[in-house]
Participant: 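Dropping the structure in here first, questions after.
All values below were derived from every heavy atom in this structure, side-chain atoms included, with hydrogens, water molecules and symmetry-related copies excluded. Chain A is the first sequence line, chain B the second, and so forth, proteins listed ahead of strands; every chain is numbered from 1.
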Amino acid sequence: MSLYNTTAIETKWLDYWEKRELFQGTEKTALSVSPEDAMFLLFAFAYPSGQGLHVGHVESKTALDILARFYRMHGKAVFFPVGWDAFGLPAENYAIKTGVPPAETTKKAINTFRRQIKRLAISYDWKNEIATSHPGYYKWTQWLFLQFFNQGLAHKKPGLVNWCPSCQTVLANEQVVSGLCERCDTEVTQKELDQWYFKITNYTEELISGLDKVDWPQATKQQQLNWIGKKEGVIINHQMKNSNLQLDTFSAYPAWLFADTFIVIAPEHPLVEKMAKGTKYETTVKNFVEESRKLTSKDHLENKFEKKGVFTGRYVNDPFSGNDMPVWVANFALMDFGTGIIRCSGHDPRDVEFAEKYNIPLKEVVERIDGIDGPVNAHTNQGILIDSGKFTGKEISEELIEDMLDWIEEEGIGKRETTYRLRDWLISRQRYWGAPIPIVYDPEGNPHPVKEEHLPWKLPEDVDFKPTGESPLRSSEEFIARTEKLYGKGWRPEFDTMDTFVDSSWYFFRYTDARNEQEFASKDQMAAWLPVDLYMIGPEHIVLHLLYARFFTKFLRDEGYISFDEPFSKMRHQGMILGPDNKKMSKSKGNVINPDSVIDKFGADTLRVYEMFMGPLESDKPWDVSAVAGVFKFLNRIHRLVITLNQGDQRQTPSSDVIQALHQAIQKTTEDIPKLKFNTAIAKLMECVNTWETAAKEGAGLDEESAKKFIRVLAPFAPFLSEELHQVLEGTAKSNPKASVHESSWPEFDEELAKEDVLSIPVQVNGKLRAQLSIDRVQSEDTAFVLEEALKNERVQHWIGDKKIKKQIYVPGKIVSLVVID
RNA sequence: GCCUCGGUGGCGGAAUUGGUAUACGCGACAGACUUAAAAUCUGUUGGCUUCACAGCCUUGUGGGUUCGAGUCCCACCCGAGGCACCA
């Protein structure tokens, strides 16, 4: 038996769909249906890398494509757009090496992706395609920047920033991973620079509470919360002796405040220099600060267990004990947590380690009640307070802590405070291939927004790509001349470009109205489609992109453009597809599977069905070369069954078995597809084919009408084969093709036909399975009858013997359970 | 250390949310067709005991609840990911 010709079928129907412009230009279709029938399916748009499509892209794109086709067959309006996160470093780095402009490389890469995606029959709406590097797109990225600027949410400030010496640019906190640059793994250093920031921290509380409104994986929500890092505690004010300086400390464990005996301050803290000035410790302190500034974040991590510090020569008054507390500069105090200053006690193992090293006296104020040795710490924070002023003798509890905080506030010693890990978003990048920040400076150096009529504020082309540590745009004569011509002599443009995460924070708005030249998107179009019904995104984008996109959404709501406040109602992540060796695919390991070569060998349908059949969408799964061939076999069996059905005069009268299998398959796919459980849906289709094949051998396979239903259910998974078979059955495959199978409607299933006629009811005696009863479905409702049948059963009788039946249970249609006693 | 998700045959995985554990696929073994191989087709396939009928065991480990637990509860072990000198 020969195999069907995948290439011939696929080119034929691809061509036909393209001519028909199937599912293209769908942006207005939401207007003709009720809002709940408008589905916006969003794939996290990709960076068009020179490597082309990999099998991981295929998985998530296919999953969404199946949903798109499924919902269209249900008469819903589906919006399934495509675009490119086209600005970014790889194209620029390539330009540095070869001199080829990023615009060219990017265009080429997009063309490759487009060809590969079309081959897969992903039913994207190509008429609404976008690319962030297109002036028609970044004009609005810049316009949005100006809205933030006008509202005071984009501002320039000096500060210590993360600097990647290899990429020659600053990085956001989010782009530094364990002290290394997220992209190139170079050690990140600190640098003092004037940079642009977005005030995402204005929305911190809302970024937390909004998570309750969305259907996202729990782990994703948790990671966002970790990143925001909310922590409640108390700020205590301290007056410095012989000085007008005041030190504020942050404490998350107020029960120990009476135990604190000394204070440490972070080396980067601006007060360090001031307090040491004029004391005999000035030089020691200065040297220590210098030394720690030189450390990269990675050094810092590697030295993490060695605590170092120096005394500043200063004391503060302790509002709790009334004693003097020495102030130390220490490397374990972090500038970006709390206030950068800590009160230290014998209850924190870290403080203890430091104090013992430098012989600083320690104190404890909690008497343990759990009988364990050693001081009470953060994990065993219970016991009775001793030597704690008016709180002595009280047991630590939530109420006690509230009382202490009330007292602290009444006494004016300090006040309740919540700190966050989240910082404002640094968006300046000293790179070429990004959207220019639309700001110009007057001769005095004051920033002014670029006028709206000058947008898009175009990225100049006459630049030198070689990295110098300064923005490449500085080398553009055209850029400077343009600014002077439009704004006056002595004016100069901002030379930095925006972080590419700015581009991707609003692309889903643009999709809804991609060709609008008057607005970033019209309110009507956004209201018609948004929020996104399902967002499919890799787990690697959980923190950065999602946080930023949510921030943009909340801002645009406050500006009155939209009325919702969370952009992605439902989100799911695809798992990673691993190499056959169960390891992450990588060129160096030589375990990369190329989707093009799989298509060449087995066709796009096999690739799609295999990837959906591998296992649950969200889990990581290894590639199995022979299982791919198994899927191809499955599709060939379908092809054979349908082709022989249409040949000769062997008209089949389907057996009840095969009709039942068909209705079960329709039912299962109807239920599983919206739940993204594609693997079990396909398993059911396979079972149906198994039954069909057996029945067909006896002349009792599916009739033509039933076969057509099967093909329609198969269509979202295997769009090419199902189109071919659909047109074969319509008699239109060779010439004059008719309406596509993908325009047909989803078949209904008959629940009665899907049910088994005779049920096999298991009987348990004392919890052990002892017999199977065959009961007619109608009779299975009759409890008395089934129990009687069970007791009559020979095997059941054998296990009961002459023992007494204590209890008998029948769960209709499921199981009989008998309990006997000796 | 904290948070999250997991642990089921040789492998990928299924199990209607407390009701026949191992669906479906891969692999393996045996057979048919063939000079032979490939392809295709047919059977068998969790473990142990048994000539067989059949019985016992089995969802990381140990307890518990229940007529009944992969599923619920408690304790622990292992793996993956995230956060972390976080006061």
Participant: Sticking with atom C1', work out how far B/C83 lies from B/A14, rounded to a whole angstrom.
Facilitator: 34 Å

Participant: Flag yes if more than 12 heavy atoms outside A/K583 fall under 6.0 Å of its NZ atom; otherwise flag no.
Facilitator: no

Participant: Could you spell out the base pairing of RNA chain B in dot-bracket, with Watson-Crick or G-U pairs whose two distances are under 3.5 Å, [ ] crossing and | to another strand?
Facilitator: (((((((..(((......[....)))((((((.......))))))((((....))))..(((((..]....))))))))))))....

Participant: I want to know whether A/F332 and A/F354 have ring centres closer than 6.0 Å.
Facilitator: yes

Participant: At 4.0 Å (heavy atoms only), tell me whether A/K697 reaches a base, stays on the sugar-phosphate, or touches nothing.
Facilitator: sugar-phosphate

Participant: Would you classify A/K768 as touching base, sugar-phosphate or nothing, given that sugar-phosphate means primed atoms plus P, OP1 and OP2, and contacts are heavy atoms under 4.0 Å?
Facilitator: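 Here A/K768 touches the backbone only, sparing every base.
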
Participant: When every nucleotide of nucleotides 5-15 of chain B is labelled 5' to 3' by its protein contacts under 4.0 Å (heavy atoms), B for base, S for sugar-phosphate only, - for none, what sequence of letters results?
Facilitator: -------BSSS

Participant: Once you round it to whole Å, what is the distance between P of B/C41 and CD of A/E693?
Facilitator: 6 Å

Participant: Describe the nucleic acid contact of A/W799 in one word from base, sugar-phosphate, nothing, applying a heavy-atom distance below 4.0 Å.
Facilitator: sugar-phosphate

Participant: Over how many whole Å does the gap from A/I235 atom CD1 to B/A87 atom C1' extend?
Facilitator: 11 Å

Participant: Could you check whether A/E687 gets within reach of a base, just the sugar-phosphate, or nothing at all, counting any heavy atom under 4.0 Å?
Facilitator: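 A/E687: backbone/sugar contact only, no base atoms under 4.0 Å.
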
Participant: Taking side-chain hydrogen bond (donor to acceptor under 3.5 Å, both in side chains) as the definition, give me every residue that meets it alongside A/D348, ordered by chain and number, with sequence neighbours left out.
Facilitator: A/R350

Participant: Identify, with sequence neighbours excluded, every residue that meets side-chain hydrogen bond (donor to acceptor under 3.5 Å, both in side chains) alongside A/D600.
Facilitator: A/R119

Participant: Considering every strand and a 4.0 Å limit on heavy-atom distances, what is the contact class for A/Q772: base, sugar-phosphate, or nothing?
Facilitator: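 Base contact.
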
Participant: Given B/C85, B/C26, B/U20, which nucleotide is nearest the side-chain atoms of A/P762?
Facilitator: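 Closest of the options to the side chain of A/P762: B/U20.
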
Participant: Looking across every strand, which nucleic acid part, if any, lies under 4.0 Å from A/T419 by heavy atom: base, sugar-phosphate, or nothing?
Facilitator: nothing

Participant: Would you mind telling me which residue lines up with the more 5' stretch of RNA chain B, A/L759 or A/S251, judged by nearest nucleotide?
Facilitator: A/L759

Participant: Using atom C1' in both nucleotides, what's the gap between B/A21 and B/U71 to the nearest angstrom?
Facilitator: 11 Å

Participant: For A/E752 and A/R777, run salt bridge (charged side-chain N to carboxylate O under 4.0 Å, His left out): C-alpha distance rounded to whole Å, both residues' side-chain angles, the deciding distance at 0.1 Å, then the answer.
Facilitator: CA-CA 11 Å; A/E752 289 304 308; A/R777 198 172 84 221; 2.7 Å; yes

Participant: What N/O pairs connect the protein and nucleotides 63-66 of chain B at under 3.5 Å? Give each pair on its own line.
Facilitator:
none

Participant: I need the CE-C1' distance between A/M335 and B/A87, as an integer number of Å.
Facilitator: 14 Å

Participant: Let me know the distance between NZ of A/K675 and C1' of B/U17, rounded to the nearest Å.
Facilitator: 11 Å

Participant: Expressed as a whole number of Å, how far does the C1' atom of B/C5 sit from that of B/C11?
Facilitator: 22 Å

Participant: Below 4.0 angstrom, N of the basic side chain to O of the carboxylate: do A/K621 and A/E611 qualify?
Facilitator: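 Result for this pair is no, no salt bridge flagged.
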
Participant: Residues two or more places apart in sequence or in another chain: which of them pass salt bridge (charged side-chain N to carboxylate O under 4.0 Å, His left out) with A/R795?
Facilitator: none

Participant: Regarding A/D351, tell me which of base, sugar-phosphate or nothing describes its non-hydrogen contacts under 4.0 Å with the strands shown.
Facilitator: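 If one applies the 4.0 Å heavy-atom cut-off, A/D351 turns out to touch nothing in the nucleic acid.
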
Participant: Between B/G13 and B/G70, how far apart are the C1' atoms? Round to whole Å, please.
Facilitator: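 It works out to 14 Å between them.
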
Participant: Mark yes when over 12 heavy atoms from residues, nucleotides or ligands other than A/K806 sit less than 6.0 Å from its NZ; otherwise mark no.
Facilitator: no

Participant: Counting side-chain heavy atoms from C-beta on, which of B/C85, B/C56, B/A87 comes nearest to A/R770?
Facilitator: B/C56

Participant: What's the gap between B/A38 and B/C48 when it is taken at their C1' atoms, as a whole Å value?
Facilitator: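 Roughly 39 Å separates the two C1' atoms.
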
Participant: P atom, B/G64 versus B/U58: distance in rounded Å?
Facilitator: 14 Å

Participant: To the nearest Å, how far apart are A/L334 CG and B/C83 P?
Facilitator: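 For the pair A/L334 CG and B/C83 P, the rounded distance is 16 Å.
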
Participant: Determine all donor-acceptor pairs shorter than 3.5 Å in which one atom belongs to a side chain in residues 229-237 of chain A; sequence neighbours excluded.
Facilitator:
from	atom 1	to	atom 2	distance (Å)
A/K230	NZ	A/E205	OE1	3.3
A/K230	NZ	A/E205	OE2	2.8
A/N237	ND2	A/D248	OD1	3.0

Participant: Establish, yes or no, whether a centroid distance under 6.0 Å links the rings of A/F262 and A/W328.
Facilitator: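 For A/F262 and A/W328, the ring centres are not under 6.0 Å apart.
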
Participant: With A/F602 as reference, evaluate A/F634, A/F632, A/Y4, A/Y610 under the ring-ring contact (aromatic ring centres under 6.0 Å, His included) test and give the passing residue.
Facilitator: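 Of all the options given, the one that passes is A/F632.
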
Participant: Syn if the chi torsion is within 90° of 0, anti otherwise; quick check, which is B/U17?
Facilitator: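 B/U17: syn glycosidic orientation.
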
Participant: For A/T220, check side-chain hydrogen bond (donor to acceptor under 3.5 Å, both in side chains) against everything at least two apart and list the hits.
Facilitator: A/H573

Participant: Rounding to a whole Å, what distance do you find between A/K307:NZ and B/A87:P?
Facilitator: 14 Å

Participant: What pairs meet the salt bridge (Lys or Arg N to Asp or Glu O under 4.0 Å) rule with one or both residues in residues 663-672 of chain A, with sequence neighbours excluded?
Facilitator: A/K668-A/D672

Participant: Pick base, sugar-phosphate or nothing for A/K221, based on heavy-atom distances below 4.0 Å to the nucleic acid.
Facilitator: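 Answer is nothing: A/K221 stays at 4.0 Å or more from every strand.
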
Participant: Sequence neighbours left out, what pairs pass ring-ring contact (aromatic ring centres under 6.0 Å, His included) with at least one residue falling in residues 757-776 of chain A?
Facilitator: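 Those involving residues 757-776 of chain A do not exist here.
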
Participant: Go through the side-chain N and O atoms of A/Q660 and A/E756 and say whether any donor and acceptor fall under 3.5 Å apart.
Facilitator: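 There is such a pair between these side chains.
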
Participant: Using heavy-atom distances to pick each residue's nearest nucleotide on RNA chain B, tell me which of A/F250 and A/V811 is more 5'.
Facilitator: A/V811

Participant: How would you label the glycosidic angle of B/G9: syn (within 90° of 0) or anti?
Facilitator: syn

Participant: Please give the distance between the C1' atoms of B/C56 and B/C2 as a whole number of Å.
Facilitator: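 So the two C1' atoms sit 45 Å from each other.
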
Participant: Mind checking what makes side-chain hydrogen bond (donor to acceptor under 3.5 Å, both in side chains) contact with A/D318, not counting sequence neighbours?
Facilitator: A/S321, A/R343

Participant: Backbone N or O of A/G340 within a donor-acceptor pair of the A/H269 side chain at under 3.5 Å?
Facilitator: no

Participant: Considering only side-chain heavy atoms of A/A627, which listed nucleotide, B/U20, B/C26, B/C24, is closest?
Facilitator: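 Closest of the options to the side chain of A/A627: B/C26.
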
Participant: Rounding to an integer number of angstrom, what distance separates B/A52 and B/A15 when you compare their C1' atoms?
Facilitator: 33 Å

Participant: Which part of the nucleic acid, if any, lies within contact of A/A629, taking any heavy atom under 4.0 Å across all strands shown: a base, the sugar-phosphate backbone alone, or nothing?
Facilitator: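 No contact.
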
Participant: Base, sugar-phosphate, or nothing for A/G340, non-hydrogen atoms under 4.0 angstrom?
Facilitator: base

Participant: If you restrict it to nitrogen or oxygen atoms, what contacts under 3.5 Å exist between nucleotides 29-34 of chain B and the protein, and what is each distance?
Facilitator:
none

Participant: Figure out the CG/C1' separation between A/D260 and B/A87, and round it to whole Å.
Facilitator: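 A/D260 atom CG is separated from B/A87 atom C1' by 9 Å.
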
Participant: Record whether the side chain of A/S626 comes under 3.5 Å of the base of B/C26 through a donor-acceptor pair of N or O atoms.
Facilitator: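 Side chain to base: no pair present.
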
